[in-house]
Amino acid sequence: EVQLVQSGAEVKKPGESLRISCKVSGYSFTTYWINWVRQMPGKGLEWIGRIDPRDSYTTYSPSFQGHVTISADGSINTAFLKWSSLQASDTAIYFCARRSDNWDFDYWGQGTLVTVSS
Amino acid sequence: DIQMTQSPSSLSASVGDRVTVTCRASLSIGSHLNWYQQKSGKAPKALIYAASALQSGVPSRFSGSGSGTDFTLTISNLQPEDFATYYCQQSYSTPWTFGQGTKVEIK
């Protein structure tokens, strides 16, 4: 069974750093790209970027480029989303999702709530 | 970026109704259009890929159509478990973009 299991909720202060994770199981980690998607409170879905776990090649949305970093560790079948300096506007639920051979996001993590508040 | 515009933003319907949600792309995306269902507090669920292909396990009352810039998601015989928010998403070019969502509520 394919599963994407994300790390737990986080509460941080502005300016702090954070890394959240997405651990996959049930398939070969290097076969499919992992994507990250943001959902701000009460709002829609926004694609942040993706990583190819085979070679760690990344692509970012211009809206997020430079503010977050996506990485992956094949030894533990885990993808990461990292901020070096959080802002209050980063408060949101973050989902990881696998891009399928059909180019849709066929499996999703359960989401990680990130709250940034002073 | 390719802009995806859904209509309506919300609708009220009754169990058994036929519901149609429209998604328009700001430029032609061929058939690179996907649909997702999201229930409150949950992760999105993939419904349809390549404009009209049903994901495994998705009930046949869901269907998708369209190509180019105009696409439609249809739910025939609406069931209680279908009340949710629906999103379209283009997979034609990065940054991949979503529509703003259509909330299907109980009348």
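Throughout, protein chains are lettered first and strands after them, A, B, ... in sequence-line order, and every chain is numbered starting at 1.
For the pair Arg19(A) and Phe80(A), the cation sits on the ring face: its NZ or CZ lies under 6.0 Å from the ring centre, inside 45° of the axis.
Interface residue Ser61(A): backbone and side-chain heavy atoms are both found under 4.5 Å from chain B. If you measure heavy-atom distances from Gln39(A) to chain B, the contacts under 4.5 Å come from the side chain alone.
Residue with the most contacts toward chain A among Lys45(B), His32(B), Gln89(B), Gln100(B): Gln89(B) (heavy-atom pairs, distance under 4.5 Å). Ranked by heavy-atom pairs under 4.5 Å with chain A, the first of Ser40(B), Gly99(B), Gly41(B), Ala46(B) is Ala46(B). Of the listed residues (Ile48(B), Thr85(B), Leu47(B), Thr94(B)), the one with the most heavy-atom contacts under 4.5 Å to chain A is Thr94(B).
Side chain to side chain, Gln3(B) and Asp1(B) fail the donor-acceptor criterion of an N or O pair below 3.5 Å.
Lys42(B) has no carboxylate O lying under 4.0 Å from a charged side-chain N of Glu81(B), or vice versa, which leaves the two without a salt bridge.
Between Tyr36(B) and Trp108(A), the distance from one ring center to the other falls under 6.0 angstrom.
Hydrophobic clustering (side-chain heavy atoms under 4.5 Å, transitive across Ile, Leu, Val, Met, Phe, Trp, Tyr) keeps Leu81(A) apart from Phe95(A).
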